[in-house]
There are 2 protein chains.
Amino acid sequence: MVRRATIGDVATYAGVSTATVSRVLNGGAVAEPTAGRVREAVARLAYTPNALTRSIFAGHSSTIGVVIRDLTSPFYLDLIRGIDEVAAANDSLVLFTNTFRQVDREVAQVRAMDEQRVRGLIMTTGETADSRTRRMAESGAPCVVVARTVPDPPPGVHSVSLDNVAAGRLMATHLTGHGRTSVGVVTAGRRPSQLERTAGLRQALAELGLPLPEEAVTVAESETEVGDAVGSLLAWARSRDRPLDAVVCTTGRLTVAVHSALTGRGVAIPDDVAFLTMDDFAWAPALGISVIAQPSYQMGRRAAELVVERPDEPVTLILAPTLVARASCGEGPGAVPPGQREHGGG
Amino acid sequence: MVRRATIGDVATYAGVSTATVSRVLNGGAVAEPTAGRVREAVARLAYTPNALTRSIFAGHSSTIGVVIRDLTSPFYLDLIRGIDEVAAANDSLVLFTNTFRQVDREVAQVRAMDEQRVRGLIMTTGETADSRTRRMAESGAPCVVVARTVPDPPPGVHSVSLDNVAAGRLMATHLTGHGRTSVGVVTAGRRPSQLERTAGLRQALAELGLPLPEEAVTVAESETEVGDAVGSLLAWARSRDRPLDAVVCTTGRLTVAVHSALTGRGVAIPDDVAFLTMDDFAWAPALGISVIAQPSYQMGRRAAELVVERPDEPVTLILAPTLVARASCGEGPGAVPPGQREHGGG
DNA sequence: CTGAAAGCGCTAACAG
DNA sequence: CTGTTAGCGCTTTCAG
């Protein structure tokens, strides 16, 4: 195993001191003939500076940590793209992990990020790690929570999230705009984002004189539970003698499952039931599925910018959702404001 | 900004030397009462060891670098999952970047990984970085190239890829097994994987007495070019008076685009034309699209294992593709060996 | 079992 | 402009 060249090796080879080499590398004042010899030596020895040692002095690495709960969701790809782009523009890399929705991994990974002295942390999770993130923030590594707002954030802890209530309201106006009055909901559970979307939907529906009964909201934690959830939704609607004419899914993660459960039970979309879900995805235009899109790429950019710019005061960014109307809620403009039609999808 | 506690602070607080603290942290021999005081101090000061400094001694960090060309492809999610899982089991994090198919970013990012002294590098790209990766491998950081085989690999450079010729052959037997004899191909260009898949397809077709003319293979580098590619394919087949009865797509990245181009031109799948593509994806079961699946999760695991286990000799792993037959090539078993039907999808 | 001291690869004063 | 020196936070001999 070949030992790597160090700055000392380069210095010896070039016949200068390590300080001079360091200056050449970092843009200090060095006479041209000397600098030339150093560059020559760097090339000859294939010297690659050690970023780890370097960051000892900076106090932190040039890396941005990202903790994702569930890479599977289409939302995250664009989020990561946004982060990565800002990181690249600021000479940072992205140190990235996936918790697979397991709390113990989440804790371990945030800790690992801390140990790596990341320049800042972006996470789509982290209810469990608030004390550590607060400490990280205090010592100069900003933490940005994505897709959850942090109540009463300490300095250095920011959040970037969707206006989930608005998302729910958008669903309500779009559906009612297409004459739908009997809505069923499949939601993923007790996370605040899920609750808020349902609340927004319920709120806007109520304002139109259309209450959303508890039984019209079913919970499916994972794809495997979706079949039952949809089944019971349909059964309940039949039993009360007022069939569903719309089904809403409050998480992009379950879109495929809910759509399949519906069509698998012979439900025609949009003729029998309108279908509206969260998060745009590559197949949505082809399938004609209307969605409430999150500006996930922008969210990623914003989150990374907060890490880079380290504002003094905690920032809470709440971005607006947009409706992408396609065919799954029926034809016609409905309540869609002009200019919000079909953005090109995925 | 609060200064972080160092090992020295802990030592002072506990009334011991830094060496003793280090021993407690790394499992050296320390008397219990002393160790207790140290642990107490660690907790009190919320001490988190600096992994960067630590890795100076190890010579490398505990991080595995991953360079992805294009996160958009469904293939990569499972790949990353596999890598991440093995990494987690070996106390490693994953340092990850996306090149967005830009060569200059790729070079910069591999360099950055090198500077970060990653424990090993996994990349789905890297034609341009062979000299650096060879040096990295020599100095103890194995490099694993995924989805490309490295000709004549030096020690420490491994590869994990798909048997692309077999993938092409699988396509041929499946299509002909369903009575299709006039195949058109949309492929992404000149990367070896693309070429090999087409070659395998052509080979197996030829063995059945069905030549695949050059005109039957169209190239689309990106989604925007797919419309034209499919259009010219269809036009050519019409002009020679022998309409296409099957269209194959050799990259998962273009599946949506090819499928949409086909259906958008009024082509019925599978009645007019059978459709077969690469890489399984979440919507495939619902859409009834047959695919040739790569064992991407396994590929990720294998790649990470090579990084962790650092075999002396270069390893070239070539994994077999599997056919997931659904409805898009017509009903019936065709040439599908028993037990390879419907694996449950993406 | 524990501490003092040296050193990892690099940067940052401070002289010259 | 350049070299010397100290030191970043940690591990690791080597004595005791």
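Both backbone and side-chain heavy atoms feed into the values below; hydrogens, waters and symmetry mates do not. To find a chain, count down the sequence lines: A is the first, B the second, and so on, and within it residues start at 1. Quick caveat: nothing in here was measured; it's all calculated off a predicted structure.
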Query raised in the report: Is A:Thr18 near enough to C:dT11 that one of its side-chain N or O atoms lies under 4.0 angstrom from OP1 or OP2?
Result: no
Query raised in the report: Below 4.0 angstrom from OP1 or OP2 of C:dT11, is there any side-chain N or O of A:Ser22?
Result: yes
Is the number of heavy atoms from other residues, nucleotides or ligands within 6.0 Å of [atom1] ([X]) greater than 12?
X	atom1	value
A:Arg301	CZ	yes
A:Arg101	CZ	yes
B:Asp91	CG	no

Report summary line: Between B:Phe96 and the options B:Ile80, B:Ile64, B:Val67, the side-chain contact (heavy atoms from CB on, under 4.5 Å) test singles out B:Ile80
Requested in this report: Quickly, which of A:Thr124, A:Val66, A:Leu317, A:Ile83 forms a side-chain contact (heavy atoms from CB on, under 4.5 Å) with A:Val146? Name it, please.
Outcome: A:Thr124
**Report entry** Nearest-nucleotide 5' precedence on DNA chain C, B:Thr34 against B:Arg117
**Finding:** B:Thr34
Choose from [options] the nucleotide whose nearest atom is closest to any side-chain atom of [X].
X	options	value
B:Ser17	C:dG3, C:dT11, D:dT11	C:dG3
B:Thr20	C:dG3, D:dT2, D:dT11	C:dG3
A:Arg23	D:dG3, C:dT2, C:dT11	D:dG3

[X] [atom1] - [N] [atom2] separation (whole Å):
X	N	atom1	atom2	value
A:Leu25	C:dA12	CG	C1'	15 Å
B:Asn26	D:dT13	CG	P	13 Å
A:Arg3	C:dC8	CZ	P	9 Å
A:Ile7	C:dG7	CD1	C1'	16 Å
A:His60	D:dC8	NE2	P	18 Å

Within the structure shown, what part of the strands sits under 4.0 Å from [X] by heavy-atom distance: base, sugar-phosphate, or nothing?
X	answer
A:Ala19	base
B:Ala31	sugar-phosphate
A:Thr6	sugar-phosphate
B:Val21	nothing

Query raised in the report: Does A:Leu121 reach the side chain of A:Val144, with side-chain heavy atoms less than 4.5 Å apart?
Result: no
**Report entry** Derivation of the salt bridge (charged side-chain N to carboxylate O under 4.0 Å, His left out) call for A:Asp9 and A:Arg3
**Finding:** CA-CA 11 Å; A:Asp9 299 331; A:Arg3 196 182 68 87; 2.8 Å; yes
Report task. Decide side chain to side chain contact (heavy atoms under 4.5 Å, CB included) for A:His158 and A:Val145; before the verdict, give the C-alpha distance in whole Å, the side-chain angles of both, and the deciding distance to 0.1 Å. Result -> CA-CA 6 Å; A:His158 313 110; A:Val145 176; over 6 Å; no
Query - Polar side chain donor-acceptor pair, A:Asn26 to A:Arg54, under 3.5 angstrom - result: yes
Query - Salt-bridge present (B:Asp84, A:Arg105; N to O < 4.0 Å) - result: yes
Query raised in the report: Axis-to-axis angle across the helix from C:dC1-D:dG16 to C:dG16-D:dC1, five pairs an end, to 10 degrees?
Result: 40°
Query raised in the report: Contacts to DNA chain C from residues 45-57 of chain B, heavy-atom cutoff under 4.0 Å, which residues?
Result: B:Ile56, B:Phe57
